[in-house]
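Structure record follows, encoded as structure tokens.
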2 protein chains.
Amino acid sequence: MQTVLATSGLSHAPNAALLRSIPTARTATGAPVLGTTRVLTKDEQIFAEGDRAAYFYKVVSGAIRTSKLLSDGRRQIDAFHLPGDIFGIESGEEHRFTAEALGTATVVMYRRCSLETLAASDGAFARQIVAAMMRSLERAQHHMLLLGRKSAMEKIATFLLDMAQRIAGDDHVDLPMSRTDIADHLGLTVETVSRSLTQMERQGLIELPAYRRTIMLRNKAALRHLDA
Amino acid sequence: MQTVLATSGLSHAPNAALLRSIPTARTATGAPVLGTTRVLTKDEQIFAEGDRAAYFYKVVSGAIRTSKLLSDGRRQIDAFHLPGDIFGIESGEEHRFTAEALGTATVVMYRRCSLETLAASDGAFARQIVAAMMRSLERAQHHMLLLGRKSAMEKIATFLLDMAQRIAGDDHVDLPMSRTDIADHLGLTVETVSRSLTQMERQGLIELPAYRRTIMLRNKAALRHLDA
DNA sequence: CGGTACGTTGATTAGAATCAACACAAGTGG
DNA sequence: CCACTTGTGTTGATTCTAATCAACGTACCG
């Protein structure tokens with residue numbers, strides 16, 4: 001059995017001042033997997049598209065967005081990562097996304113290991129990484145259907161149901177992201193997101209309290225129907 | 001070292017008559033990996049969304065499309081698979097796509113192995129599978145940017161350059177798929193694909209011979225510029 | 001108490017979808 | 001071999017969805 005460790009080499013890490021070296025995970029078999037905890041503030045960047053991929057990350061608290069930019073600034077957020085989610089795994093040398101915190105957040109960073117090491121190692125940790133990769137793939141593929149073929153209302157409905165399930169408020173969602181982030185995730189503009197939400201409220205599907213990041217789901221069946 | 005085999009159990013395979021049991025691959029270390037070759041005709045289905053995922057596949061010749069359907073028939077083609085590409089890997093019990101041949105095609109099928117087995121095994125074959133998964137993920141993530149944020153012309157330009165690179169005609173592409181397939185891959189309609197191609201021809205970016213599946217790339221630099 | 005994000009709403013435009021017709025090549029069968 | 005069908009691709013007219021441009025609310029923060 002081979003153990004995968006994150007070294008405590010702070011000299012290689014960005015923003016070393018923010019790092020504390022804390023063992024945070026264990027494999028199923030009990031072998032220690034060391035990670036370094038990093039605390040982030042709103043909009044703080046964890047890594048940028050093109051950075052050397054020395055680490056990958058796991059969300060402990062808060063939420064992270066990973067995104068790509070077009071040369072003229074158009075942005076596509078490929079995913080929002082919630083506690084427990086792993087992000088930043090790369091096969092090449094570089095990160096292909098920018099990762100930023102949506103608000104205050106905590107992540108654990110693990111020293112990156114090569115695909116070869118990963119496939120060859122027989123630890124529970126390796127299994128976890130491969131599973132995370134597969135989950136990312138499934139989400140990405142599912143999201144392509146949304147981006148390519150769904151209308152604005154359908155996109156929003158799908159998004160709300162998905163977030164409700166992941167954030168686990170039964171009849172409401174406390175969104176960790178702005179309308180702009182939602183728009184850039186769904187391939188829409190802020191205005192269209194806002195209008196769609198307003199329309200859903202008028203139709204009684206949802207309710208929008210004064211605190212706009214909370215959304216009450218009033219008619220999940222109808223939302224699921226829109227979800228197609 | 002553990003060897004991953006596809007058994008010759010034809011009784012479990014669909015369309016057993018079409019199958020011939022042929023060893024077709026070898027791991028880098030020389031250990032035999034048995035696969036079963038399957039020959040397909042135009043539009044023949046390899047597996048459907050929801051089918052039990054007993055095998056995964058590698059394209060030998062021809063091309064394959066994998067797609068998802070919305071309840072009302074809208075279709076999203078997530079990827080075209082060319083010779084050498086692996087498709088149909090699943091972590092769950094079911095295929096999440098439908099796979100069909102674009103024209104006459106040959107694939108090798110491998111008995112599916114669990115993610116656990118995969119991550120735990122140390123063979124070159126396992127590495128290959130993980131690498132294929134990673135490549136799918138990268139393609140999917142790249143495609144999300146296209147679907148969410150690019151205009152019709154940009155989508156077509158990106159698509160043509162990508163296909164040109166994969167099919168390796170230096171200044172032309174022999175597309176294996178119909179305009180409808182292209183549309184369903186790029187999140188457009190057939191009409192828009194056709195109009196965009198015509199417009200590119202008028203602008204001297206490409207040339208469309210009588211055989212409409214061949215496209216001559218006349219100004220790659222301009223196409224790349226559109227690609228953004 | 002402003003000031004500054006962020007969010008909503010309104011008016012208009014633009015880009016792609018839709019609806020409809022036609023062109024063209026490849027088969028098919030008489 | 002030729003009419004005829006069929007599948008595929010193109011083009012045109014029109015509609016419609018979402019983007020854009022612009023203004024205004026509202027909540028939060030120093």
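All chains are named by letter (A, B, ...) in the order of the sequence lines, taking the proteins before the strands, and each is independently numbered beginning at 1. All heavy atoms count here, side chains included; hydrogens, waters and symmetry mates do not.
Comparing atom distances between the Ser178(B) side chain and each of dG9(D), dA18(D), dT10(D) picks out dG9(D) as nearest. Set against dA19(D), dT8(C), dA17(C), the side chain of Ser194(A) has dT8(C) as its closest nucleotide.
With sequence neighbours excluded, the residues that form a side chain to side chain contact (heavy atoms under 4.5 Å, CB included) with Ala99(A) are Ile46(A), Phe47(A), Ile64(A), Thr66(A), Phe87(A). By the side chain to side chain contact (heavy atoms under 4.5 Å, CB included) test, Ser61(B) is found to be paired with Thr106(B), residues two or more places apart in sequence or in another chain being considered. The side chain to side chain contact (heavy atoms under 4.5 Å, CB included) search around His225(A) returns none, not counting sequence neighbours. With sequence neighbours excluded, no residue satisfies salt bridge (charged side-chain N to carboxylate O under 4.0 Å, His left out) with Arg213(A). Residues passing the side chain to side chain contact (heavy atoms under 4.5 Å, CB included) test with Ser151(B) are Met153(B), Glu154(B), sequence neighbours excluded. Applying the side chain to side chain donor-acceptor pair (under 3.5 Å) criterion to Asp51(A), with sequence neighbours excluded, gives no partner residue.
Taking a cutoff of 4.0 Å between a charged side-chain nitrogen and a carboxylate oxygen, Asp181(A) and Arg75(A) qualify as a salt bridge.
Following rounding to the nearest Å, Leu188(B) (CG) and dT17(D) (P) show an atom-to-atom distance of 18 Å. Rounded to a whole Å, the CE atom of Met153(A) is 9 Å from the P atom of dA18(D). When the P atom of dA18(D) is taken as reference, atom CD1 of Ile182(A) falls 16 Å away, rounded to whole Å. The nearest whole Å value for the distance from the CG atom in Leu186(A) to the P atom in dA19(D) is 11 Å. Rounded to an integer number of Å, the gap from CG of Asp184(B) to C1' of dA16(C) is 15 Å. Atom pair Arg179(A):CZ and dT8(C):C1' shows a separation of 9 Å (rounding to whole Å applied). If you measure from atom CG of Leu197(A) to atom C1' of dG25(D), you get 17 Å, rounded to the nearest angstrom. Leu226(B) places its CG atom 13 Å from the P atom of dG15(C), with the value rounded to the nearest Å.
One finds a side-chain N or O of Thr192(B) lying less than 4.0 angstrom from the OP1 or OP2 phosphate oxygen of dA17(C). Phosphate contact (OP1/OP2 of dC6(C), side-chain N/O of Lys42(A), threshold under 4.0 Å): present.
In this structure, the helix from dC6(C)-dG25(D) to dG30(C)-dC1(D) shows an angle of 40° between the axis at its start and the axis at its end, each fitted on 5 base pairs and rounded to 10°.
Residues Thr98(B) and Lys68(B) bring no donor and acceptor atom of their side chains to less than 3.5 Å of each other.
Residues from residues 64-81 of chain B placing a heavy atom under 4.0 Å of any atom in DNA chain D do not occur. For the contact set between residues 198-214 of chain B and DNA chain D, defined by any heavy atom under 4.0 Å, the members are Thr198(B), Arg212(B), Arg213(B).
Residues in residues 191-203 of chain B take part in these side chain to side chain donor-acceptor pair (under 3.5 Å) pairs, two or more places apart or across chains: Thr189(B)-Thr192(B). Residue pairs meeting the side chain to side chain donor-acceptor pair (under 3.5 Å) criterion with at least one partner in residues 129-142 of chain B, sequence neighbours excluded, are Ser91(A)-Glu138(B), Arg96(A)-Gln141(B).
Residues Leu147(A) and His143(B) fail the side-chain proximity criterion, which asks for heavy atoms closer than 4.5 Å. Residues Met133(B) and Val130(A) meet the side-chain proximity criterion, which asks for heavy atoms closer than 4.5 Å. In this structure, Gln76(A) and Leu69(A) have side chains that are not in contact, with every pair of non-hydrogen atoms separated by 4.5 Å or more.
Nucleotide dA23(C) carries an anti base; the chi torsion (O4'-C1'-N9-C4 or O4'-C1'-N1-C2) is more than 90° from 0.
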Pairs: protein N or O with nucleotides 21-24 of chain D N or O, under 3.5 Å:
unit_1, atom_1, unit_2, atom_2, d
dC21(D), N4, Glu191(A), OE2, 3.0

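Atom-to-atom distance recorded for Met109(A):CE and Lys58(A):NZ is 15.5 Å, nearest 0.5 angstrom.
Between Met177(B) and Ala152(A), the one whose closest nucleotide on DNA chain D sits nearer the 5' end is Met177(B).
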